[in-house]
Protein chains: 2
Amino acid sequence: MEKKSATLSEVMAARGELLNPDCPSREVLKRMTSRWTMLVMLALQDKTLRFSEIRRAVGGISERMLAQTLRYMEEDGLLARKAWDVVPPHVEYNLTPLGQQASIYVLALADWLESHFPLIEQRRREHNAPSRP
Amino acid sequence: MEKKSATLSEVMAARGELLNPDCPSREVLKRMTSRWTMLVMLALQDKTLRFSEIRRAVGGISERMLAQTLRYMEEDGLLARKAWDVVPPHVEYNLTPLGQQASIYVLALADWLESHFPLIEQRRREHNAPSRP
DNA sequence: CAGGATCCGCTAGGATACTG
DNA sequence: CAGTATCCTAGCGGATCCTG
């Protein structure tokens, strides 16, 4: 499993990997780009937050989904969880270096989307109402 | 609700826009990062393909999902569809400039994911088998 | 060939209640 | 506070058949 500098063809091959239906990274893609994961990344960008703080930050997420999302992210090494053994419980979350790297791309996409959303909406209107006489 | 030139704080607010549960761009995010949309973008990167070619390129996608994905992408202005009125039908798809812009971010994310997938998998194994004696 | 129409299983995800 | 457990529903998505 040594990692040498990738040749161009290797890079190109790797790039198409996801198009393979059996590609195991598809599930990771699915998780990472899932509705809530991206928003949690957005909320945790260079911050450390507690469970309920994230819940408040990410509008509309349910406890169940937040818990599950956090578990997945931790499992994938994107999220660090620190729990103090006190009562009432105190747990803090923040992105790991790996998670922060990933968040760069997620945030870039989110930013692009937000800034181009008006254009997309306009295209959609044009599309759905094409020159009605 | 009037829109003047954005101040820095407004820009920062815009970045958090997606965290608002009522934010309309959430649905676009959902569509754009949906399972198949990203893979179709991957397949169409600087290419023009026909329906069945895309279907073959994106392993595992069903006709129904491909058709729906293409419709959404066209609706959002990410995809251009050209149909010749011949029999048998001939239809070609390629990304619009807007779609190509978007694909940059999607592909960047996909690339990062593919190259870091081994690491993520390793983290997951470590996580699921923590120092068993 | 490029899809639309239908049927249907599965699961993502919400609401609520409960616990350490 | 930080979750887990349970129940339940909408809609994602697959399989299949059909048509211009």
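What you are looking at is a predicted structure, and each value in this text was computed from that prediction instead of being measured.
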- Message: Can you list, in residue-number order, the parts of residues 29-40 of chain B that come under 4.0 Å of DNA chain D, counting heavy atoms only?
- Response: B/Arg35, B/Trp36
Could you list, one pair per line, each protein nitrogen or oxygen that sits under 3.5 Å from a nitrogen or oxygen of nucleotides 17-20 of chain D, together with the distance?
none

Minimum side-chain heavy-atom gap [X]-[Y] below 4.5 Å:
X: B/Val58; Y: B/Leu66; value: no
X: A/Val106; Y: A/Met32; value: yes
X: A/Arg81; Y: A/Leu70; value: no

- Query: Which ILVMFWY residues can you reach from A/Val86 by hopping between side chains whose heavy atoms are under 4.5 Å apart?
  - Reply: A/Trp84
- Task: Could you list who else is in B/Tyr72's hydrophobic cluster, with ILVMFWY side chains joined at under 4.5 Å, directly or through other members?
- Result: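 The other cluster members (ILVMFWY side chains, heavy atoms under 4.5 Å, direct or chained): none.
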Figure out the [atom1]/[atom2] separation between [X] and [N], and round it to whole Å.
X: B/Ile61; N: C/dG3; atom1: CD1; atom2: C1'; value: 13 Å
X: B/Glu74; N: C/dA2; atom1: CD; atom2: C1'; value: 13 Å
X: A/Tyr93; N: D/dG3; atom1: OH; atom2: C1'; value: 8 Å
X: B/Trp84; N: C/dG3; atom1: CH2; atom2: P; value: 12 Å
X: A/Leu49; N: D/dC1; atom1: CG; atom2: C1'; value: 15 Å
X: A/Arg55; N: C/dA15; atom1: CZ; atom2: C1'; value: 10 Å
X: A/Asp85; N: C/dG20; atom1: CG; atom2: C1'; value: 10 Å
X: A/Glu53; N: D/dC1; atom1: CD; atom2: P; value: 10 Å

Atom pairs under 3.5 Å, N or O on each side, protein against nucleotides 7-10 of chain D: can you list them with distances?
none

- Task: Measure the spacing between NE2 of B/His127 and CZ of A/Arg71 and express it to the nearest 0.5 Å.
- Result: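 The distance works out to 9.5 Å.
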- Note on the structure: Winner on side-chain proximity to A/Arg81, out of D/dA2, D/dG3, C/dG4, is D/dG3
- Among D/dA2, D/dT4, C/dC1, the one nearest any side-chain atom of B/Arg50 is C/dC1
- Query: Taking for each residue the nucleotide of DNA chain D with the nearest heavy atom, is it A/Val91 or B/Tyr72 whose nucleotide lies nearer the 5' end?
  - Reply: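 Nearest nucleotide further toward 5': that of A/Val91.
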- Item | Flag, side chain of B/Ser62 to backbone of B/Met65, donor-acceptor distance under 3.5 Å | yes
- N/O donor-acceptor pair under 3.5 Å between B/Thr37 side chain and B/Thr33 backbone: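 Checking the backbone N and O of B/Thr33 against the side chain of B/Thr37, no donor-acceptor pair under 3.5 Å is found.
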- Considering only NZ, NE, NH1 and NH2 on the basic side and carboxylate oxygens on the acidic side, decide whether A/Arg31 and A/Asp76 come within less than 4.0 Å. yes
- Item | N or O in side chain of B/Ser62 less than 4.0 angstrom from D/dA15 OP1/OP2 |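 No, B/Ser62 has no side-chain N/O under 4.0 Å of OP1/OP2 on D/dA15.
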- Looking at B/Arg71, does any N or O in its side chain come under 4.0 Å of the phosphate oxygens OP1/OP2 on C/dG3? no
- Task: Would you kindly say whether B/Ser103 and B/Gln45 are connected by a side-chain donor-acceptor distance under 3.5 Å?
- Result: yes
- Task: Locate the shortest heavy-atom distance separating B/Thr96 from B/Ala80; write the atom from each residue and the value.
- Result: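 So the minimum-distance heavy-atom pair works out to CG2-N, 3.6 Å.
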Which atom pairs, one a donor and one an acceptor, fall under 3.5 Å between side chains of residues 49-56 of chain B and the rest of the protein, sequence neighbours left out?
from, atom 1, to, atom 2, distance (Å)
B/Arg50, NH1, B/His90, ND1, 3.2
B/Arg50, NH2, B/Pro89, O, 3.3
B/Glu53, OE1, B/Arg50, N, 2.7
B/Arg55, NH1, B/Ile61, O, 2.4

